[in-house]
Each structure stands twice: as structure tokens, then as C-alpha cells.
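Okay, so here's the structure we're looking at.
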Amino acid sequence: MADEKVLENVTPVYDDEALAAEYLEKRQQKIEEDFKKPFDPDCILEVRHLRKCFPLKKTITGKVTKELVAVDDVSFKLKAGETLGIVGESGCGKTTTGRAVLKLHQPTAGQIIFNGQDITNFDSKQMRSSRKEMQIIFQDPYSSLPPRSTVGGILSEPVEVHNIVPKDQVKDYVLDLMDKCGLRDYYYERYPHEFSGGQRQRICIARALSVNPKLVICDEPVSALDVSIQAQIINLLKKLQREMNLAYVFISHDLSVVKFISDKIGVMYLGSMMEFGSKEDIFKNPLHPYTKALFSAVPNPDPTQKTERIKLEGDIPSPANPPKGCRFHTRCPYAKEVCKHITPEYREYEPGHFAACHLLNEE
Amino acid sequence: MAKENKNYLSGKEIRAIAKANAKEMKRLEAYKNRKAEEHEFLSQMKSSENILEIEDLHTFFYTEQGVVKAVNGVSYDVPKNAVVGVVGESGCGKSVTSMSVMRLIQGPTGQIVDGSIRFKAYDYKRDEKGNPIPNGADGYEMEEKVYDIAKMPIHEIHRIRGKQIAMIFQEPMTSLNPVFTIGEQLDEVTFIHTPGATKEMAKAKSEEMLRLVGIIPENVYGAFPHELSGGMRQRVMIAMALAAEPRLIIADEPTTALDVTIQAQILDLLQDIKNKIDGSILLITHDLGVIAEMADYVVVMYAGKVIEKGTVYEIFQDPKHPYTIGLQKSKPTMSLDDGTELYNIPGNVPNPINMPDHCYFKERCAKCTLKCSGDYPGMVQVSPTHFVACHLYDGVEDNG
């Protein structure tokens, strides 16, 4: 009981080092408890307290003296056939989260449970069997296709590497896949430079799906495309999800796209998850002040309705030197003294609706 | 499988194209660099309400694959104290139009071939040699002149570029010079455009402009561009554009490279500034939301042509052209409820080389009729301010 009091009725002496240490210790305990919990059998992907740091400065002996915390304490769950949308401004760590989930970056701390297995500490050999279950679609379709291979070559390579079908059936399999993704069969012998952005993105999608994955990370797949092409790609992604029961992690900075495609949404700011919940929760009842401000900043394509904007002052702080306490307090219109010193706890306020904000604890 | 592949040209074809291009480019370059008296590029405005009138503008690029008609007969007006939004997908020629207004088209491949760009300038009176008479000197006077920018020789363009029309570019990261401080770059504007300006005058002006865009000058005046964030740099760019007190600001995708919350700040700033200065804004963007919030008039472009123009309410509430309608339906909006599928326009933007004679949107259009295989549709007036280029509205002329 005494410990809880320390946390909830925070005394005005915020710069008390002993208090801060106690707080950190309690937090660490909670993280360790969470790690021991059994895996959720319904979920295809479970991420617990993910943390990823990049070294900024090293001494001559290779010791890291300064770190950039790109992702700090991010947790979420994703069921098969569902879409999780991650939104946030640039530099908030949404791409790093996506890559860490695929283990393209080795996480610094935390747990990634994919398909009932803890893959956090798998080496590259062990990862190989999981690789065909998880794939990624990149943002820029112009630089993510090899210019010297034909479309047929690009699409058959993963099929051959992972032995998806016998060798003599590879071509038929690829042609079938191309048809699913809206690519004509005579594209098989063409090179990527002959295609427009939208077609290239279709090739990228076909390549990701060629190994029958269960999880696809879509890292801003439509940001580089025009509005009319964007709609085609979004519809294609939705159609393929229904057909193949795919789970998507959809990373984007465009809120309207995320709203359209996602079942669950996570809002990130400066490396931390600010709010997480189902689409209805997040859009109808946003809890965190950042989520509210972000939504009000989106321009409304209806000239008769003028949205009331919650104005955010200033810029996003540098991730290399994030503010102490709640990371959002420098721009938050409701910031209080407590926000400047103590990082708010990421808690469940409604079933399945998580947020990290001190203001919510008061009511 | 189809064998023919139109992506490649034979050597013979390439040589023929190169020969024809060289001839055209030489002629147009000579016209651009000619010596001309002032009266040769003075003109008259059609309506006194307008500050800029673009009429039947053609800007072509002579490439190795053929002539790219990036802007192919574009006409629109920018009224005084208004925000005109130009919207369209990439490659539709919206940026090339604005670059033509600034005469920033990269020669010799890019050339303004035909058309006129009339701009009402407020300029110094000139002496016999064509030099401006500075403030305080004998005969100093400011007068209104209408220049035809498309006919101006390139060495006379400094009368307008930067001074009368300023531009805000898309990439705040690359539009500032990294080796000079913000202060030096801002002062330069005053030195160039105000004859007889002193250092103190320039600094005072720069600081005033920085304050106008919401920056405390003491922190930023001596800073280098890399020390500032994207939003701050875009503010500096706006300050720079305002320093010469232009009558028209061209904002070419001013917020595309910025985050939503920063975008909201910059849009508010642009609105605010438009009210403070006595000028117009030509806003070029692909984001319909930005247009709806900012613009008074909207011009929709597709494949180098204007397909629809009107006031913002007409375009958003009563769009006429199938492309405009499709564009609005295909954008997922925040207020949209769970539609199972997003409307999409099939196909791609046509290849800019060898455009067909019929309507460019025919292949992607759901409402296409027999008539559409005929000539390119002309502009039809459906209301006093609303124009559309589509055969569906032939004969539906304005009755009121």
C-alpha cells in the first residue's frame, strides 16, 4: 500500500532522486512480471515492452556513451486477419517498431511473440523458417525493386528459396499470384523501370505475398502514390486480406488512410505509444491530448465545415534528446507540473483501450 | 503475350526526334534571349479584378523520347486578394504552370511555346536606359504596369521574379543555402530588390519579416539552416518570400514535406499573412483537404489541361467532371464510415508523350459516351464562375 501511495499521490518534491529511483524500480518489476505471463493463443503477434536504442556516440574502445531511444516501451497485440494501424509524425519510431517486429533490427529489450514463439533472441538460422510467415512492403516502390531482374525473376526468387511449390510449377504459381494482384501476365518478362509507381507497388505486394505469409508489415505503402492510385492499392490490400486471412501492421502518417484500413490503431509520439485501442475507441473517444490534437490537425476536404483545431505549439523535440517525464509535455496544452518529471504509465482505461497520460488518472 | 513494346524507340526514330527538337529549341532559346524594348512585353489585363491571367499557356519539354506537353493550353485567373488552389496528381502540370509564371523552366529542353501570362505589377518608373529610379532620386515614382511574362526576355525577368511574385518551394530542407546564415539569406532579398538599401535597413526588414512568421529573430537570424527544424525552415522560406512585399505568392506544395501538426501551423500562418499583406496566393497541392481549407477558387488539372475550375464550394459540393468526382470519392476521409471498398479510378495517367486527340480521361472514365472519341472537349460554362471541360455538359450552358 505504501508504494502505491508514492505513485498516485505524488508529493510536490518532484526532483527527489530517491522517489524517481523507487518509481523506476517499480516499473522494472512490472515489466519483468509481464514477461513471465503466458502467450495469448488468439494473437498472431504480441509485442511486450519493446525498446530499441541506436548508438550515437562511441568511445574509442567501442563503449556507447550516448544513445538514441527510437522505440521505448511499446506493447500491443494483433490477431490473425486484423489490421493494426500505427500513426505518428516523422521520427516517432513507427518504422523502427515495424522493423524490430521483423527482427530487421535486433530489439534492445522487450519480447516479440510471433505465432506462439518468442522470437526475440532467435539467430538468423532460426529466423529463417519464420521469415516466410512475415513479410514487409516498403514505402518507395522506385528503390525497393532490383532494376536488373524481370518481374518474373523478382517474384519467383522467394518461392524457390522457401520451396513453396515444386520447381516445375513455379511459373504457374507466379502467374496466378500476379493475376491476384492485378498484374497482366505479359508483365512477367518486363523490368521494373517500365512500370509506373502504382504498378511497382503491386509488384512489391505480390513479392511479399509470394511465400504465403501470415503477417505483412506495410511501411507507408501508399505515401508515395497519387490519390487515385492510392485508392487502388488500398482496395487491393483489403481484398488480399480477406482472401488470405492476413494480419497487417499498417504504418502511415496519413490518418484518413489508417482509419479506413485498420481495426486497431496505435498512436505513437517520440518513441512511445501514447494511445492504443480499437478504431471506434480511438476515433469516437480519444483519451490522450496528443491523439485529439493530431485528429484536429487533419485538413477537412469539406469547405462548409471548419474544424476547431487544437493548436500544438512548437516542434517535435529531437529524439536524441527527448524531454524528461511525459514526452509530450513540451507541446501539451494541458501539461502540469507532474508531467515534467514522471513518465505516465501505459494503462488500460477501457477494455482494450490503452493510454499513457497523467490527466486520465485524476478523474 | 503481347510482343510489341512501345517503351523502346529505334535508333532512326531517336535521331529524327533529336533533329526536330534541336531546331525548335534553338528558335525558342533565341526568342528567350532576345533584346526587347519595354513596350514589346507590356500588355493589358482582361479584367481589372485580376492580378494574374494565364491564357492558353503551352509549356513543352523537348526530350529524347519526344515532346512532353507538360502544360497544354492552360487558362486561369488569380483575382486580387484571393487564394487560388491548383489541384491535380503528379505529372499533371500544376508545378510547371507555376514555374512558367516565374520563368524558372529549365532550358533548353523546357520552353514556353505559346500563350500569355499577364501580370499586373507595381513597379519603379524607369529611365531611358531601362534602369529603375530609386526612392529619393529625381523622378521616383511607382506605377502599375501589366507585363506579359511569357514574352519577356529572360534578362528582364528580375523585374518580377522575387520582387512582385515570390515562391515558396516544397522542400524547405533543400531550398535554403547551407553555407549562409538565415540572416544573410534574408538580407539579400532586400539588397536585390530595393535599390539603394543599406545594411541596417536590410537587417531591420529581415527581423520584421521573421517576427511576422512567428519566429523570434534573435535566435534565428544568425543561425544556419541545418540548425532549424522543417517547420522553422518553411517559416523562414515564407519570411523570405514576404521580404520584397510581393503582390502574388506562389506556394508550391508548401506543406507536403511536413507533419500534420506542423502543416496545421503553416496553413494558419499563410491564412494570417494573406490578411496582413495586400496580395494573392496561388496554392499548388495534391491534397484536397488543404485546398478545401485554404482556397477561394479551385483549378483542377489533369494531364496538362485544366478540366474544371470554379469557387471552392462549387468544386467540392457540386463537382461536374468525372475526374473531380472520382478524385473526391477515392480519398478516404476522416468522417467516412466503414465503406467496404473505396471508390477508385481505374488505370493510370496516360503517357505524356503522344497524347491522344480525344479527351485524355476517356480510358479511365466511367461515364464515357460515343462523343468522347471525338475532339477534345472545350470549356463549358455551367455557372458564372464554374467551368468544366467534358462532353457530358455540352449544351448545358448557364441559363441564369
Side-chain angles (χ1 to χ4, degrees), chain A residues 87-92 184-186 188-191 193-194 196-199 225-236 238-239 253-261 279 283 290 293-307 309-316 318 331, chain B residues 1-3 5 7-8 88-92 228-232 255 257-265 267-268 286-295 298 311-313 315-317 323 326-336 338-349 364:
Chain A
V87 280
E89 297 177 273
S90 51
C92 73
R184 308 266 169 78
D185 54 357
Y186 57 84
Y188 190 85
E189 280 163 19
R190 290 206 182 165
Y191 289 89
H193 75 264
E194 298 177 44
S196 63
Q199 298 285 17
L225 307 175
D226 279 320
V227 188
S228 70
I229 311 295
Q230 197 174 322
Q232 292 175 9
I233 298 294
I234 292 170
N235 282 342
L236 175 70
K238 277 204 134 181
K239 188 193 94 176
H253 64 267
D254 191 336
L255 279 163
S256 43
V257 172
V258 165
K259 188 193 171 197
F260 186 78
I261 201 162
K279 178 163 74 181
F283 277 89
Y290 177 64
L294 197 64
F295 292 166
S296 74
V298 177
N300 190 354
D302 185 351
T304 49
Q305 290 174 8
K306 293 277 176 227
T307 35
R309 284 219 185 108
I310 304 171
K311 260 199 190 172
L312 287 186
E313 296 296 326
D315 286 315
I316 310 159
S318 158
R331 299 175 80 198
Chain B
M1 288 189 196
K3 277 274 177 234
N5 192 337
N7 284 313
Y8 299 109
E89 294 180 281
S90 48
C92 74
L228 306 180
S229 67
M232 287 288 263
T255 56
L258 305 175
D259 284 315
V260 240
T261 56
I262 311 293
Q263 168 174 300
Q265 291 174 6
L267 291 181
D268 281 351
H286 65 267
D287 192 333
L288 290 167
V290 172
I291 289 277
E293 292 219 344
M294 292 285 294
V298 182
T311 65
V312 70
Y313 295 102
I315 296 290
F316 280 91
Q317 291 183 337
Y323 177 68
L327 207 60
Q328 283 177 25
K329 273 203 266 175
S330 58
K331 169 104 182 135
T333 53
M334 296 291 285
S335 49
L336 190 83
D338 289 314
T340 43
E341 200 156 270
L342 214 53
Y343 178 82
N344 68 58
I345 306 171
N348 285 307
V349 183
R364 305 177 73 187

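Protein chains get the first letters and strands the later ones, always in sequence-line order, with residue 1 at the start of each.
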Per-residue tally against chain A (heavy atom, under 4.5 Å) across B/Q328, B/M294, B/R364, B/H286 peaks at B/R364
At a 4.5 Å cut-off on heavy atoms, which part of A/Q199 comes close to chain B: side chain, backbone, both, or neither? side chain
Selection from B/L288, B/I315, B/D287, B/I262 maximising heavy-atom pairs under 4.5 Å formed with chain A: B/I262
Do A/V298 and B/Q263 come close enough that some side-chain heavy atom pair is under 4.5 Å? no
Would you say the side-chain atoms of B/Q265 pair up with the backbone N or O of A/L312, donor to acceptor, closer than 3.5 Å? yes
Among A/V227, A/I261, A/V257, A/I310, the residue with the most heavy-atom pairs under 4.5 Å to chain B is A/V227
With a 4.5 angstrom heavy-atom cut-off, which part of B/Y323 approaches chain A: side chain, backbone, both or neither? neither
Hey, is the main chain of B/S330 close enough, under 3.5 Å, to the side chain of A/Q230 for a donor-acceptor pair? no
Between B/V290, B/L258, B/L267, which shows the greatest number of heavy-atom pairs under 4.5 Å with chain A? B/V290
A/S228 versus chain B, heavy atoms under 4.5 Å apart: side chain, backbone, both or neither? both
Relative to chain B, which of A/H253, A/Q232, A/R184 shows the most heavy atom pairs under 4.5 Å? A/Q232
Measuring heavy-atom distances to chain B, does A/I229 have an atom under 4.5 Å in its side chain, in its backbone, in both, or in neither? both
Between atom CG of B/N344 and atom CD1 of A/I234, what is the distance when rounded to the nearest 0.5 Å? 10.0 Å
Hits for side-chain hydrogen bond (donor to acceptor under 3.5 Å, both in side chains) against B/S229, two or more places apart or cross-chain, chain-then-number order -> A/D315
Relative to chain B, which segment of A/R331 carries a heavy atom at a distance below 4.5 Å: side chain, backbone, both, or neither? side chain
If you take all heavy atoms of A/P301 and B/F316, which pair is closest and at what distance? O-CD2, 3.4 Å
Among A/K311, A/R309, A/E89, which one satisfies side chain to side chain contact (heavy atoms under 4.5 Å, CB included) with B/T261? A/E89
Which residues pass the side-chain hydrogen bond (donor to acceptor under 3.5 Å, both in side chains) test with B/S90, not counting sequence neighbours? A/D226
